Amino acid sequence: MKFLAFCQASLLFAISAIAAENPSPSPAGTPAVEARPSAAPKEHLATELKGGSVLRVNSTNQSYDFFRPWSKKAPSNRRGLGAVIDGGEVLVTAELVWDSNFIELEKPDTGERATAKVAVVDYETNLALLKPNNPDFLKELQPLDTSVAPKVGDHLSVVQLESNGTPVSTEALLTSAEVGHYVLDDYSYLLFKMSCPLQYRDNSFTLPIVQDHHLISMLLRYDPRSQTIEAISTPVIQHFLKEADHQPYQGFPSFGLSFSTTRDPQFRHYEKLSDSEGGIYVDDVEPDSPAAQADIQTGDILLSIGGKSVDPDGDYDDSQYGRLSITHFITTLSYTGQKVPVTLLRHGERKDVVVSLFHKPPQDYAIDPYVIGRPPRYLILGGLVFEELSRQYLREWGPSWQREAPQRFVYFDHYQADLFPKERKIVFLSQILPNNDTIGYPQLNYMAVERVNGQPIYRLEDLAKAMEKPINGFHKIEFDLDPKVMYLDAAKVQENAAALQKTYSLPAMRRF
Amino acid sequence: MIRSTFFGIACLVATNAVAGAVADTPKFDVHKSIVRITTTAQEPDYRVPWNPGSISTGIGAGFVIDGNRILTNAHVVSNGRFISVQRENDPRQYSGQVKFIAHDCDLAIVTVSDPNFFKTMHPLNFGPLPTIQSVVDVYGYPIGGERLSVTQGIVSRIDFESYSHSGADSHLAVQIDAAINPGNSGGPVLQNGKVVGIAFQGYSGDVAQNVGFMIPTPVIQRFLADIESGHYNRYVDLSIVPESLTNAAARQALGLPDDDTGVLVSSVESDACAAGKLEPGDVLLSIDGHRIISDQTVELDGENVDLAEVIERKLKGDKVKIDLLRNHQPLSVEVELEPNNSYLIQANIFDEYPRFVTFGGLVFQPLSRNLLEAFQIEDLRVRYFYNNFINEEIFKDHPQVILLSNILPDPVNAYLSEFRYQIVEQINGHKIRTLADVANAFDETSDFYTIKFVGASRPAVLQRSAVEEAKERIKDNYGVRLERNLGEETLR
């Protein structure tokens, strides 16, 4: 168990590091099991935490099986540490409590336990707040302050617990702060990198990182080979906690655009950009995004955002951390609901626009970037299993899903903004449960549905509706790939539904 | 032949499975029919397309047929720069020339100009498709040896197989349990003194043992008939995707009787010969008078074979008559058959120098199987264009998919590395459909050259002055022998 928690963390490191820079992962950084530091780590009793600001958090998680969307996978346990903060809540990483069925808090000194539930969760920044079901449980504990952000070069303490409950802290040097990949693909925020010789201990899936009495950071992953920590940065935690004060929780905002750098002098001459000006080139603007609503267009050169001038690499001068990607300013230093002024160049003319920020939830994408904490949707018709395409489904192919998963779907996912500009989902045939209605059909899968009974299918609800109107007693299902048409006898499908459900022990024939 | 991809040298396994079985072969001297072919080949390097390529030598077999011709495998003589032919028991080596080569069915005709060569040679005749379980003799030069080797095998299976030489074709092939090894390629497989096949591929030892494949006579005869026109025209193809009609509901929905007849047309390639004649949704009932069975087979010579076999035996310009139902109405159409071109993007290219255009250190090349393998390109869009070239009709906008395949680093292109493996859409506003379009666009005089890639908004920009300044520098640094090859430089 001890090692497992750590292996998992370092494995995640390998995966994510690749996903961030290379769409085709190759095995790198295999988790080293016995990566004991050669020099004795600078450890000491974490006396500053004696009042009990850190709790053990045990979570039993059970995620859905996207290949069999009617059932869940085997449950697994994750054990980490949480930080007690103001308001009777415990801060942990969201990953610790992904798809959790049962959460237990444990006081390290007394071993007293209490059940808890997730009060607020943000999978994109990987943060969650837990609330004990008994509000008195945290009464005696000293909450950690979260108002102080460290500087690069500061010495921080990573908190762990001995098996007897004694807090131990290991010194970590904050070596850099830069925007980087967190846990989910495509979600990047300010990341702290630290160097730290960390030992294996129980409950280490995530660990709080403190400076004096201030909670600074939560550990995302540890690479035992290079002895480096990647951790959630203070500004992200501060933003999360501030946002969590309002209900409903609105999430971190984004502009909804992608940009290129403008460093290339030949490109600058072509665009008639002066050498003194910075600016980034707008590649694509998502429809209906904050940027689109502010009339930012492809080809615009963004010169300044929120009063911060943007250099040709897309960086601005941050008062705390120096040169940082402007995305940090937009997603983390700004909040949903805020209006951000933007100065841009369009066809050589200066233009000022105001972007009203909001967060785009995963459900609003054609292909959900993640489906966590909610079950996958499906519909079974005559043994044909239909689902809506999501990256969670593709991730079922494992760490190298980008290579292993059906390439057509990986392509759909990667280029979804270009391919599916209007609001819709991709309904697809995930498998066929063979039965009398499908005799004679080959084993088909991974084909997107275009029409059913003549009706275009943009989501599972459309399919349910189209099913009600068979053509001359037959369901006609049209796909994007060969075989482009399949027929089912509507009356027989209905007649055989109960038997099919029984044969394959399906709890339900659909879930929306 | 060492380049035969299915072969590993390690797969030398003695074939004793047929010990005791003796083929009913009349006595005749097969040594007077078989030749040993040594080919010195030059394989182009798609990563350095201006280089002439690496030189390798391989050995295969061949045999004499009527008309003073030698029949062998295409892969024995592909990319050949020099071919030498030897007879058994003759110390002399004769220079051979490739007369016809068919990469889609891995067959070639080689001739020897020395008139004395064929004088003592004995041409072999062809026999029929052998029956399952019958015994055949396999001749050749496995693992290279100087002397002719013979082994025996049993015909195990007759079916459509993928032909590994082109990598994109499937034809009828006969599986035998004799070990077929590198060097056997091109050798005759005999039964009753007649050629029933040509040994051409096998598996490496770690995949399967005692499995060898030969090209059967229907494929050979078709090749010989095709070249009678003086030119090899390739296989013809209807270029449609048929689907079985074996599901009861599908048959009822289409109003078909329960008689196991007919297949449904799922797709018709819009630039191929059946376009305008056949339509998606048509139910094909018979082909050249043969009833089409609902699982996509027809009965030919008393056996159920794939529907495609009817087309396989035809030549370019031949017609095929198809009876069908369209919207429940019977209809009869005649299609003049043509070779399919779009699938060639997925077929190995031989006997030509790689095509490319360089400009400012940027190398542009058309997407091909060779290119994809040379660079091991993993780019999602490139792979998508390659795999869906036909079914997504990518050929309509991109008859050639032009990639920025490589960047020879130089100050002129210092900021362009992110564009590598992108697909070119426009140059200076000109739509890029072929490599020639790229060359023409760069030949125009312009202060700036803007290259727009598929799916990317920001163009790559090259300033003419910078390109001109870099030209000689890049040429010298990287040894760029040739700035472009648009296909003028071919081998045959």
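Worth saying up front: this structure is predicted, and the values here are computed from it rather than measured. Values below: all heavy atoms of this structure, side chains included; hydrogens, waters and symmetry mates excluded. Below, chains carry the letters A, B, ... as their sequence lines are ordered, and counting in each starts from 1.
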Would you check if the side chain of Ser446(B) reaches a backbone N or O of Tyr449(B) as a donor-acceptor pair within less than 3.5 Å?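 A pair under 3.5 Å: no.
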If you count heavy-atom pairs under 4.5 Å between each of [options] and chain B, which one has the most?
| options | value |
| --- | --- |
| Asp482(A), Asp283(A), Asn472(A) | Asp482(A) |
| Arg263(A), Gln266(A), Met486(A) | Gln266(A) |
| Ile439(A), Asp418(A), Leu481(A), Thr261(A) | Ile439(A) |
| Gly299(A), Pro265(A), Ser258(A), Gly440(A) | Gly440(A) |

For [X], is it the side chain, the backbone, both or neither that has a heavy atom under 4.5 Å from a heavy atom of chain A?
| X | answer |
| --- | --- |
| Ser267(B) | both |
| Ser294(B) | neither |
| Asp295(B) | neither |
| Arg381(B) | both |
| Arg458(B) | both |
| Glu243(B) | side chain |
| Pro459(B) | both |
| Ala250(B) | both |

Need one label for [X]: side chain, backbone, both or neither, based on atoms under 4.5 Å from any heavy atom in chain B.
| X | value |
| --- | --- |
| Tyr281(A) | side chain |
| Asn436(A) | neither |
| Thr262(A) | neither |

Assess the side chains of [X] and [Y]: does a donor N or O sit below 3.5 Å from an acceptor N or O?
| X | Y | answer |
| --- | --- | --- |
| Gln297(A) | Asp295(A) | yes |
| Arg47(B) | Asn406(B) | no |
| Glu425(B) | His398(B) | no |
| Glu269(B) | Asn340(B) | yes |

Would you call the rings of Phe386(A) and Phe479(A) parallel, tilted or perpendicular, taking 30° and 60° as the class edges?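 The rings of Phe386(A) and Phe479(A) lie parallel, inter-plane angle below 30°.
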Could you tell me how the ring of Phe453(B) sits relative to the ring of Phe419(B): parallel (under 30°), tilted (30 to 60°) or perpendicular (over 60°)?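 Aromatic pair Phe453(B)/Phe419(B) classed parallel.
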Can you name the nearest heavy-atom pair linking Phe409(A) to Leu389(A), along with the distance?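 Closest approach of Phe409(A) to Leu389(A): CD1-CD1, 3.7 Å.
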Assess whether a salt bridge exists between [X] and [Y], defined as any Lys/Arg side-chain N lying under 4.0 Å from an Asp/Glu carboxylate O.
| X | Y | result |
| --- | --- | --- |
| Arg251(B) | Asp259(B) | yes |
| Arg473(B) | Asp410(B) | yes |
| Arg291(B) | Glu299(B) | no |

Who passes ring-ring contact (aromatic ring centres under 6.0 Å, His included) against Tyr384(B), sequence neighbours left out?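 ring-ring contact (aromatic ring centres under 6.0 Å, His included) list for Tyr384(B), sorted by chain: Tyr411(A).
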For the residue pair Tyr487(A) and Phe474(A), is the inter-centroid distance of their aromatic rings smaller than 6.0 Å?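 No, ring centres 6.0 Å or more apart.
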Closest-packed option against chain A by number of heavy-atom pairs under 4.5 Å, given Asn391(B), Leu416(B), Leu462(B):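 Looking at each of Asn391(B), Leu416(B), Leu462(B) in turn, Leu462(B) comes out on top.
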Pick out which of Asp284(A), Val310(A), Thr327(A), Leu302(A) makes a side-chain contact (heavy atoms from CB on, under 4.5 Å) with Phe259(A).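 Running side-chain contact (heavy atoms from CB on, under 4.5 Å) over Asp284(A), Val310(A), Thr327(A), Leu302(A) with Phe259(A) returns exactly one hit, Thr327(A).
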Within residues 269-279 of chain A, residues adjacent to chain B where the heavy-atom gap is under 4.5 Å: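 If one takes a 4.5 Å heavy-atom cut-off, the residues of residues 269-279 of chain A near chain B are His269(A), Tyr270(A).
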